[in-house]
Structure formats: C-alpha cells, structure tokens
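Being a predicted model, the structure only gives us computed values, none of them experimental. The sequence lines fix the lettering, A, B, ..., with proteins before strands; numbering per chain opens at 1.
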Number of protein chains: 2
Amino acid sequence: MNIGEIARRAGVSRSTVSYALSGKRPVSEDTRRKIQQVVDELGYRPSASARALANGRTSTIGLVFPPAGNHYTGMQLDFIGSVVEAAAAYDYDVLLSPSGVDSDRSFQRLLGERRVDGAILMEIRLADDRVDHLAELDFPSVAIGRTAHPEGSWWVALDHTALAAACVHHLADLGHRRVAFVNRPEQLLRAGYESAHRGLDGFTKAAAERGLTVRTYCCGDDAASGQGCVERILHDDPDTTALVTLNEAALGGLYRGLARAGRHVPRDFSVTGVVAGRWAETVTPQLTAADVPAAELGRLAVELLVERLDHPDAPPRHHLLTPPISLRASTGPAGVGTA
Amino acid sequence: MNIGEIARRAGVSRSTVSYALSGKRPVSEDTRRKIQQVVDELGYRPSASARALANGRTSTIGLVFPPAGNHYTGMQLDFIGSVVEAAAAYDYDVLLSPSGVDSDRSFQRLLGERRVDGAILMEIRLADDRVDHLAELDFPSVAIGRTAHPEGSWWVALDHTALAAACVHHLADLGHRRVAFVNRPEQLLRAGYESAHRGLDGFTKAAAERGLTVRTYCCGDDAASGQGCVERILHDDPDTTALVTLNEAALGGLYRGLARAGRHVPRDFSVTGVVAGRWAETVTPQLTAADVPAAELGRLAVELLVERLDHPDAPPRHHLLTPPISLRASTGPAGVGTA
DNA sequence: TCGGCGACTCGAACCGGTTCGACTGCGCCG
DNA sequence: CGGCGCAGTCGAACCGGTTCGAGTCGCCGA
C-alpha cells in the first residue's frame, strides 16, 4: 500500500521506485518494468498528503465563493462547473470554500494551513479585503471580477460598465425614454459588489448621455422580489417603458410583475440586461441580453492561475470580456407609453 | 512558520507545542500561555498536509458529481451549496470531483491518493458502479439517491416513486384523464438514473391505478427541448390536459410551448411535477409541485457521512424524504379538453 | 592495463506534524 | 524518611513520500 511495500516486492529501494514512477532519474528498463508490474498488481497510488508534504505542492486550487445565505445564482453554478472541469484538465483538484471575508475560518484554512496552491475568488467587491490580503502575501490567486484598482493583479472579468451601457443604448435606439434599472440586492450594493456598482455606473452614465429619464432599484435575488420591484417601478413612474436588469434570479418575477400589471413584453414594455444565456432562454419571451459567458470566465481564470503557478514571476495578466447583446424577443420599439 | 520554529521561540520542545495546541496531554498554564503568545504573534497554523500525513485523516470530504457535459440543474447547485455549508460546520472541507464512473481519473485521485476521508455521491444510477466500488472497499460514503438495492448502505434520497404518484393523484383528483409525463433526457434514462426511472415508475403505476390515459416523453435539459416536447405532446394527443415533469431545466420551455399552442395554464392545461421550490416560483403561473428539499438533502448527507466517519462500525442509516405537494397556481380542474 | 565516465542504484535526510515511552521533580502517604 | 504517583516535559520514532550525495559496475579510450 505504501512505497516501501512496492520497493520490497520489487526487490529495490524506495528511492528507485520513486524515480521509476516520476522519471526524474534514469532507471533501467528491467527494473522499471518490474516495478510497474507490482504497482499495477497492487493498484498502488502514492498518497496525496505525503506527496504534498514532501514537495510543498498540493495540486489543489481553492474556489472561494460567498456563503449561501443569499441564494446562489445560475451564473455561479456555471462558474463552479467550468472551473472544476478546467482544473481537472490541468490535474488540479478544486476545494470549495464559502467565505465572505479575510478573517473567515474557511479562508484561514485555505491559506494558513496551506491546503491549496492557489485560489480563485468569486464575487469581488470594489474594495475587497480578500484580494488585498492575498496580494500582500503574494499568494497566487486570480479574481473573477475587478476591484476598484485592479492594476498589477490577476483577474478575469466582465465589463459590466460597458454591458449596462450597451443595454441602455439598445433601448434608447428603440426609442425608449423612461427606463428603470434593476440591480442586485441593496445589501450587496452596500457591500460594494463590483458588478452591481459598475453596472449601475454604466447604466447611469449612458442614460445621461442619451438624455433618458431613469430610476434605479435594488431587488432581492428571488422571484417574489422581482415581482415587487416591478410594482414599485410602475407605481413610481407609470410611464416607464423598459428596464435593464443584472438580477438573474429575479427575472421570472420581473416578468410576472409586468404580466400582472397588464404590460405585454415586448409590445408595451421592453426588458433587457446582463444574464447567462441559458437562463435568458427560459423566460417567455426570451430575453434580449448580454449573455454572461460564465463557463469561459471560469476556464480563463483557471488558465491564468495555472500560468501563475507555473511561472511565479510572470507579469500579471487579465481578461476583460464584453460579450455582445444577443437579440432575442424581449425588446421592441417604444410604444405609446402607459398601457 | 513550522512547529519547530514555534518551539524554539517559546523555548520548549516540538512535542510540547503540539500538546499545548491539541490539549491531548496536560501542559502547565505558564508554558501554554507562552506558546500561545508566540503562535499568535507569528500567525502560525499547522500545515494540513503534514497533519494529514501524521494522523491519516484529511478533514476533507469529496463531492462526486457528474461532469458538466449535460447542463447542471438548479437542484445540483443547491446540493453543492448546502453540502459545503454543512461540512464547514463539522470542520470539513469539500473537494469537488467531476466523475461519471468508477475508473475516472478524478475518482481515482479521490480514493487511490487518499485525498478525502469520505465521499458524497450525486446523480445515482439504479446500477451504479461507483456505489458498488465504494461498498466493496468499505470506503465511507453517502449517496444522494438510491440504487436498485440500497439495503445495507448509506444514503439520503427523495421518494421519486411516491412523488410522481402524488402528482398523478393530484391531477386525477382534479378530473384530468389524459396526462403526459416529461422525464429527464433519454440518455440519462438509458444510463439508469434513479430519479428518472423511479419517477417514471411511480407515474405509470399511479396512472394505471386511476385509469388515466398517458404518454411519456424524454426531454433535454434546456428550454428549447421543453418547448419541443410540448409540441410533440400536443401533436401526439391534442386532448392531453395536463403534464407531470421531473425536468426542472425544461420548465420554462414547457410553459412557452403551451403558450405558443394557445393553452392557458391552468385554465386549459395543468402542469405539475417535482422541482425545487425556488425554481417553481420563477415561472408564471407559479408551479404546483413537490418541492425538492435540496438543501436539506445536502445537509442530511453530510450528517450521515460525519456519523459514519466518527463511528466506523455504526450500522447503515438512510433518509427517504417525501415532501408534500405545494399547491401553487399551475394546476386546476380539467376543462373541456382541446382549447 | 588503468583512469574515468556514465548508467544505475542505494541509503539517509528531509518535509511538518503527532504520539509514545521515558525522565524529572514534586508533594503526599505510610 | 523513603517510595510512589502524577503533572509536565523531552527526545525519538513514525506517517509516506521526494531528493541529494555517494557508491558500484561495466565499458571506453589512452
């Protein structure tokens, strides 16, 4: 079961077994075959813990994501899946760590106890203590998202500013003049989530540029909140004819709210936003949206991390993605205003 | 940085530091304080690899889930989240392993290289080589789902047979006579996925019992497939007035298909099935469904696994859950038949 | 014929913890 | 006053790998 056992049965020393398996020194063809045969017979595989202790690498990367208190969105699921898959391709395992902040127990486990070689951080905030902390320690990590000052660090991100702006321009081009913005929950905005802030910024600036009348809302990550949010929007300004949302989980609720209010999408009211493609397609009419390439982001994050692990002195790299808006069926020319 | 360094600075031996931190032998109050002070100053945390090597436990559990090829469903996301959270409460980390079968590289890593103390298996098949393999090795594991012969093993599962039957009875009670069943993709059914098989069984038997006319369909895990499936259903038997589905991801597509065909839910057509509550609430009208308690299943799986790890000789335990049908708005009395 | 080199192998040390057996004082009891 | 037991501490061995330095052997060229 251990390397000593293999060595004994093959009639060689432990180091020879090690070299035969790793190929780091020449081993004669005869002994190599003999060792391989014993290994195959016993189904021997070297212990990960022992190997990790000896060479200081765990072959594991940590995926740090927020605790579940606030529901997970479909996007996060796609991240997780693609990160795990991409990591497997590079022979890395993925350790999941629910963690909001720096001082979390689980965060400490990852770093302090050296359970992972590197980390991928999700749900980045503009001022993010985790990112700062890792940078300070020079610990190999890649963020999915940008902090306020991402210069000199490793990250992959969506250009939420540009994406929200693109949504505004799309609506303005269609003639909409009064547009609402449905953001992530207020608690996340206050916490400084970068997608919420940058999205809001992009929306606001582009709207000003186009001379639109706008209102912005925060909305819980669930259908009921979405429905309630639409009620608030139509109550605050019944002449609103379109909305832009970053809130995937509320999407179904937004549609329901509009239906309840008698607004037909897209005839009376247009809806667009930034949402993963497969979710945009589940609603009727299908959502015209900037499709979040979650799987690609996950894959890129792993690629960058692996590069950083292989070349500790490599200069920082990043990817900023701006997927185009997929025209589906939820937006149309502005109509007469109120239904 | 390592325990020797702490020992030197505190002026004691390495073993004393170990005992002071673990409390496994008495240490005088004075030296304990001194050691603690040095530890705090240096922010020392013992290396997980070294500890794992020494005491043979990694404090990590493996979560084995199918590779992403076929999309993830929301349910799986909830599992992952709740498993990670529950595991953290017991001081375990969670290692993700994408794995369909026994001989997978990632499966081998988990077991052969002893990266985890135990495993939780998702997406169980009626005949599941992974389950058999683990049972043979007597490796601590808990399945989320039941194989064909789950006696003597550890698992948590939904009673899909009873759940599908409950849906049938609900519809029959409302007067529906011609009902369709929308299952998971054919490829999964053929692979022997237990939920697909047991759900189909429960549906078929209950329908026979109630003398209903039924047709059963397989449906891809996406909106487009759902829409196509409804078209097939209405083409095959235009007098169908209700459907039962296990396919969460296709739900939006099913609704769209019905709308396209001019069937109003629930006036002309009733929809029900087995779906996680938060997804059932995103569609309009909200889905009357047996809500999958994914979070609870995940939590229970971890509890069972931890018990098994703590008491290696404990007799097998399991939980079979049968959540009630939540009446929402997608089912109603059978109407006149075709629209 | 001898020195040297390269191919191959071995033993020992090391990674950073845990744990066991033994040693040292000390107080208490007989 | 001597022996015993216990609290507290230490050194050494061990977990299962990797890696370095050194040793052996055969073969080549001088």
Side-chain angles (χ1 to χ4, degrees), chain A residues 1-39 42-60 91 93 108-117, chain B residues 1-39 42-60 91 93 108-117:
Chain A
M1 26 178 81
N2 63 20
I3 201 173
E5 182 68 15
I6 303 295
R8 189 146 38 74
R9 300 210 189 199
V12 298
S13 75
R14 301 197 305 147
S15 51
T16 300
V17 175
S18 180
Y19 287 127
L21 294 180
S22 72
K24 295 192 181 176
R25 275 200 193 176
V27 168
S28 80
E29 188 51 27
D30 274 5
T31 55
R32 209 198 55 68
R33 249 204 316 274
K34 176 64 184 161
I35 289 171
Q36 190 59 51
Q37 183 190 330
V38 175
V39 164
L42 272 63
Y44 165 78
R45 312 219 58 194
S47 144
S49 314
R51 200 205 286 268
L53 176 57
N55 60 23
R57 306 186 56 245
T58 60
S59 295
T60 304
D91 262 315
D93 282 329
Q108 285 306 311
R109 283 177 72 123
L110 283 201
L111 296 203
E113 305 183 5
R114 281 144 290 166
R115 277 175 199 273
V116 299
D117 296 336
Chain B
M1 27 181 83
N2 64 21
I3 200 173
E5 182 67 17
I6 304 296
R8 188 146 35 76
R9 301 210 189 198
V12 299
S13 75
R14 300 197 306 147
S15 50
T16 300
V17 174
S18 180
Y19 287 126
L21 294 180
S22 72
K24 295 192 180 175
R25 277 200 191 174
V27 168
S28 81
E29 188 52 26
D30 273 5
T31 55
R32 210 197 55 68
R33 250 203 316 275
K34 177 64 184 159
I35 289 170
Q36 190 60 51
Q37 183 190 328
V38 175
V39 164
L42 272 63
Y44 166 78
R45 310 219 60 192
S47 144
S49 313
R51 200 206 287 268
L53 176 57
N55 60 24
R57 307 186 54 245
T58 60
S59 295
T60 303
D91 261 315
D93 282 328
Q108 285 306 312
R109 283 176 71 122
L110 283 201
L111 296 201
E113 305 183 4
R114 280 144 291 166
R115 278 176 199 271
V116 299
D117 296 335

*Asks:* Does B/S18 have a side-chain nitrogen or oxygen under 4.0 Å from the phosphate oxygens OP1 or OP2 of C/dG17?
*Replies:*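 Answer no for this pair, as no side-chain N or O of B/S18 is under 4.0 Å from OP1 or OP2.
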
*Asks:* Is B/T58 close to B/R51 at the side-chain level, that is, under 4.5 Å between some pair of heavy atoms?
*Replies:*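 No, too far: nothing below the 4.5 Å cut-off.
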
*Asks:* Report yes if some heavy atom in the side chain of A/M1 is under 4.5 Å from a heavy atom in the side chain of A/I6; otherwise report no.
*Replies:*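 They are not in contact (no side-chain heavy atoms under 4.5 Å apart), so the answer is no.
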
*Asks:* Can you tell if the side chain of B/S59 reaches within under 4.5 Å of the side chain of A/R115, non-hydrogen atoms only?
*Replies:*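 The answer is yes; the side chains approach within 4.5 Å.
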
*Asks:* Send over the distance from A/N55 CG to D/dC20 P, rounded to a whole Å.
*Replies:*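 Taking atom P of D/dC20 as the reference, CG of A/N55 is at 12 Å.
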
*Asks:* What I want to check is whether an N or O donor and acceptor connect the side chain of B/S15 with the base of D/dG11 at under 3.5 Å.
*Replies:*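 Checked by distance alone, the answer is yes.
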
*Asks:* Please find the pair of heavy atoms, one from A/A20 and one from A/I35, that lie closest to each other, and give the distance.
*Replies:*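 Heavy atoms of A/A20 and A/I35 come nearest at CB-CD1, 3.7 Å.
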
*Asks:* Mind calculating the distance between CG (A/N2) and C1' (D/dG16) to the nearest angstrom?
*Replies:*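 The answer, rounded to whole Å, is 6 Å.
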
*Asks:* Starting from P on D/dG17, measure out to CZ on A/R45 and report it in whole angstrom.
*Replies:*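 Rounding to the nearest Å, CZ of A/R45 and P of D/dG17 are 12 Å apart.
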
*Asks:* Which of these nucleotides, D/dA13, D/dC10, D/dC15, is closest to any side-chain atom of B/L53?
*Replies:*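 The nucleotide sitting nearest to the side chain is D/dC15.
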
*Asks:* Given side chains that start at C-beta, do those of A/D91 and B/R109 come closer than 4.5 Å, heavy atoms only?
*Replies:*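 Touching, per the 4.5 Å side-chain cut-off.
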
*Asks:* Any donor-acceptor pair, under 3.5 Å, between the side chain of A/R51 and the base of D/dG16, if you only look at N and O atoms?
*Replies:*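 No.
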
*Asks:* Give me the atom names and distance for the closest heavy-atom approach of B/V27 to B/R32.
*Replies:*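 Closest approach of B/V27 to B/R32: CG1-N, 3.9 Å.
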
*Asks:* Rounding to an integer number of Å, can you tell me how far A/Y19 OH sits from C/dT9 P?
*Replies:*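 Distance, rounded to whole Å: 12 Å.
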
*Asks:* Where do B/R45 and A/Q108 come nearest, in terms of heavy atoms and distance?
*Replies:*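 Heavy-atom minimum between the residues: NH1-CB, 3.3 Å.
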
*Asks:* Reading DNA chain D from 5' onward, which residue's closest nucleotide shows up sooner: B/R14 or B/G11?
*Replies:*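 Of the two residues, B/G11 wins.
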
*Asks:* For the pair made of CG in A/L21 and P in D/dT18, what is the distance, rounded to whole Å?
*Replies:*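 Roughly 8 Å, once rounded to whole Å.
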
*Asks:* Any side-chain N or O of A/S47 below 4.0 angstrom from OP1/OP2 of D/dG16?
*Replies:*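 For A/S47, the contact criterion (side-chain N or O under 4.0 Å from OP1 or OP2 of D/dG16) is not met.
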
*Asks:* To the nearest Å, how far apart are B/R115 CZ and D/dG17 C1'?
*Replies:*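 From B/R115 CZ to D/dG17 C1': 13 Å.
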
*Asks:* Measure CD/B/E113 against C1'/D/dG17 and give the value in whole Å, please.
*Replies:*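 From B/E113 CD to D/dG17 C1': 12 Å.
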
*Asks:* Could you check which residues of residues 24-36 of chain B get a heavy atom under 4.0 Å from DNA chain C? Sort them by number, please.
*Replies:*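 By residue number: B/K24, B/R25.
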
*Asks:* As a test of reading the structure: which of C/dG17, C/dC15, D/dC15 is closest to the side chain of A/A54, going by heavy atoms?
*Replies:*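 The nucleotide sitting nearest to the side chain is C/dC15.
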
*Asks:* In whole angstrom, what separates B/I6's CD1 from D/dT9's P?
*Replies:*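 In whole Å, D/dT9 P lies 17 Å from B/I6 CD1.
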
*Asks:* May I ask you to evaluate whether A/Y44 reaches the phosphate of D/dG17, defined as a side-chain N or O under 4.0 Å from OP1 or OP2?
*Replies:*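 The answer is yes; a side-chain N or O of A/Y44 sits under 4.0 Å from OP1 or OP2.
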
